[in-house]
Amino acid sequence: MNDEKETFVIQGTKALSGSIAVRGAKNDVLSLMASSLLFSHPVTFSNVPAISDVEKMKILLQGLGVRADVSQKKRTIAVDASSLTHSLLDPALAEKIRASVMLIGPVLARLGEITLPYPGGCVIGKRPVDFFIEGFKKLGATVNEKNGLFSFRLKKNDGGTIFLPYPSVTATETLLMNAVLGHGITSIQNAACEPEVEHLAQFLISGGANIKGAGTHTIIVKGTRGELLSQKTKEAFPVLPDRIETGSFAVLAGVLGDPIRITGCLPHHVAALLERLRATGVSIRIGDDWIEIQKPKTLSSVDIKTGPYPAFATDMQALFAVLLTQAIGQSVVFETVFEERLRYVEELRHMGANITVCDPHRAIVVGPTPLEGKNVKSPDLRAGLAFIIAGLIAKGESVIHNVYHIDRGYERIEERLQALGAHIERVNTENNKA
Ligand code: EPZ
């Protein structure tokens, strides 16, 4: 699934219709898996997506001595962290997945130390870890860096107040997880409010944690004084539906839906995106767990500005820019979260889009412009999906390389799009058929 020789070969089309089910959220299951280290007993999660980042996190946990068993058939993962013994994250693996930073909090809470490489992930920006270093130092940790490895040491978290310079999602999550077993009261201010943060807190509270304010900008945690969480949750704890998948399919439907129904989702988690989609003229019907979208005759240009939840999600910026290439007029794309998240523009221009990058955070899209099928390389996970949408709109054939990026966060995406009528094939450039 992650072979670097695999490509998606796509034929452009005029319309797609049918229904597509949303899978479990990558950015929810990864933090839940990390939090399982805080429990005295095995924990099980359901609605787990079959994506390579889950596989990588599972191997990282196993490398720490933790039992982790995935059942793709049942879409569950069971984690038993009672055998956690090691504190060194496998450097070759941890640098491939940004989510490895989430393990700092729980491993410190259990073992008092952790060593990990500079975390990798997407090429969407420098993605520093200063909030993690400063945050844990505030709680009394020592942090050393040697030969590209960070070592954090914190024997006991006696509590304290941390003000995050930016509402960082994984910094909030890892500090929250550490505080849960702490020996005092920890207040995280300017915390991230993403649904995945609130959901993580819900899971920890179900295990007996004392957390107030998750989902707001101030989270207060009263630590268990080193006691592992021991309350048993009845059955498997379900992973949230992926709001970024939901948004991705909503944008696809905005340009090609005739109509497309997105099922198994939480519409209120993508309110900012739906508001912008409606502003372009797309018609949207919403139920409790579904969204039905019909593309309009013409799309009107709109401006988008990304920001922390509940603002327009940065992960949907590249996707929406593809839709804006088909909208009449000029649109401003303002990416406020990451400084390198406009890298996809070059390849879209190569396909015929009229996009001008004004500075690392702003681009101007003028449409509508016909797109031509081309050979393109996906620089990151979300731009990869944006190129799939561009390939489905373009005239002729597109070949997308580096599909392993897309497999990190979208389960068997080509099969699910084929069910909507899309002509997309996974092809291994070596033996010509995947
Ligand atoms: C999470 O990344 C998500 N990943 C990202 O999704 C998402 O784009 C991002 O949040 C924003 O919503 C996971 O949850 C695994 P941040 P995270 O810390 O936590 C700066 C995807 O495609 N910053 O909220 O790493 C940072 O550079 C991925 O699924 C520091 O300066 O993002 C950025 O400008 C991509 N110092 C801003 O904060 C730090 O120590 C927000 O980043 C940490 C972050």
Side-chain angles (χ1 to χ4, degrees), residues 23-35 49 51-54 56-57 60 94 96-105 116 118-138 143 150 152 162-177 188 190-200 217 239-240 242-248 269-270 272-273 306-319 335-344 360-361 378-386 405-410:
R23 299 295 183 224
K26 166 176 88 79
N27 296 343
D28 191 47
V29 65
L30 294 176
S31 56
L32 291 172
M33 287 170 74
S35 75
I51 55 175
S52 59
D53 270 16
V54 166
K56 290 192 187 83
M57 180 61 96
L60 276 178
K96 287 202 177 72
I97 166 173
R98 172 76 186 186
S100 51
V101 288
M102 292 186 200
L103 290 168
I104 299 172
L116 73 160
Y118 192 87
C122 292
V123 286
I124 55 178
K126 189 174 166 308
R127 307 198 77 180
V129 287
D130 52 325
F131 300 168
F132 297 76
I133 294 170
E134 295 317 313
F136 281 109
K137 277 185 173 170
K138 203 79 196 291
V143 185
F150 289 100
F152 290 72
I162 296 144
F163 186 89
L164 289 174
Y166 184 95
S168 157
V169 177
T170 46
T172 300
E173 291 169 336
T174 204
L175 287 161
L176 166 61
M177 287 190 266
I188 305 170
N190 199 25
C193 305
E194 271 67 6
E196 295 77 23
V197 174
E198 192 169 3
H199 197 234
L200 171 64
H217 283 307
V239 173
L240 280 176
D242 193 322
R243 61 190 170 91
I244 310 299
E245 265 213 348
T246 305
S248 306
H269 280 174
V270 289
L273 175 96
T306 67
Y309 190 85
F312 191 102
T314 171
D315 293 348
M316 299 195 223
Q317 180 256 114
L319 298 147
E335 167 57 57
T336 72
V337 182
F338 290 105
E339 71 281 12
E340 299 256 333
R341 212 165 195 177
L342 295 173
R343 292 165 60 110
Y344 64 89
H361 292 278
S378 56
D380 70 70
L381 160 62
R382 307 301 177 187
L385 200 93
H405 281 304
I406 302 170
D407 290 330
R408 284 186 51 207
Y410 293 96

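One-based numbering, in listed order, for ligands and for the atoms of each.
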*Test of proximity, V337 against ligand 1: N or O pairs below 3.5 Å*: yes

*Is there a donor-acceptor pair closer than 3.5 Å between any side-chain N or O of N190 and the backbone N or O of F163?*
no

*In terms of atom number and element, which parts of ligand 1 are under 4.0 angstrom from non-hydrogen atoms of R98?*
25 (O), 43 (C)

*Using the salt bridge (Lys or Arg N to Asp or Glu O under 4.0 Å) rule, take R341 and D315 through it: C-alpha gap first, then chi angles, then the decisive distance, then the call.*
CA-CA 9 Å; R341 212 165 195 177; D315 293 348; 2.6 Å; yes

*Just distances here: any N/O of Y166 and N/O of ligand 1 closer than 3.5 Å?*
no

_Rounded distance (nearest 0.5 Å) linking atom CG of L30 with atom CG of L103_ = 9.5 Å

*Any idea which atoms of ligand 1 are less than 4.0 Å away from a heavy-atom of V129?*
40 (O)

*asked:* Given 3.5 Å as the limit, does a donor-acceptor pair link the side chain of S31 with the main chain of D28, or not?
replied: yes

*Evaluating non-hydrogen atoms only, which member of G125, P119, S168 is closest to atom 16 (P) of ligand 1?*
S168

*Are any of the N/O atoms in P128 less than 3.5 Å from those in ligand 1?*
yes

*For D242, which of V239, L240, I244, T246 qualifies under side-chain contact (heavy atoms from CB on, under 4.5 Å)?*
I244

*If the plane angle is over 60° it's perpendicular, under 30° parallel, otherwise tilted; pick one for F136 and F152.*
perpendicular

*Which atoms of ligand 1 sit under 4.0 Å from any heavy atom of M102?*
15 (C)

*Should you measure from each heavy atom of R341, which atoms of ligand 1 turn up under 4.0 Å away?*
8 (O), 22 (O), 35 (C)

*Which part of T170 is near ligand 1, with near meaning a heavy atom under 4.0 Å away: side chain, backbone, both or neither?*
both

_salt bridge (Lys or Arg N to Asp or Glu O under 4.0 Å) partners for E340, two or more places apart_ = R343

*Counting distance only, does the side-chain N/O of T314 pair as donor-acceptor with the main-chain N or O of V337 below 3.5 Å?*
no

*Looking only at distances, please establish whether an N/O atom of ligand 1 is found under 3.5 Å from an N/O atom of F131.*
yes

*Would you check whether E173 has a nitrogen or oxygen atom less than 3.5 angstrom from a nitrogen or oxygen atom of ligand 1?*
no

*Taking only heavy atoms of I124, which atoms of ligand 1 are found under 4.0 Å from at least one of them?*
35 (C)

_Quick check: V169 and ligand 1, any N/O pair under 3.5 Å apart?_
yes

_Sub-3.5 Å N/O-N/O distance, R127 and ligand 1_ = yes

*Can you name the side-chain hydrogen bond (donor to acceptor under 3.5 Å, both in side chains) partners of T306, sequence neighbours left out?*
E335

*Under the criterion side-chain contact (heavy atoms from CB on, under 4.5 Å), which of E194, M102, M177 is the partner of L200?*
M177

_Does only the side chain of T314 get under 4.0 Å from ligand 1, or the backbone, or both, or neither? Count heavy atoms._
side chain

*So is D315 close enough to ligand 1, meaning a heavy atom under 4.0 angstrom away?*
yes

*Geometric N/O contact E339 with ligand 1, under 3.5 angstrom*: no

*asked:* Check K137 with D130, please: is the shortest side-chain N to carboxylate O separation under 4.0 Å?
replied: no

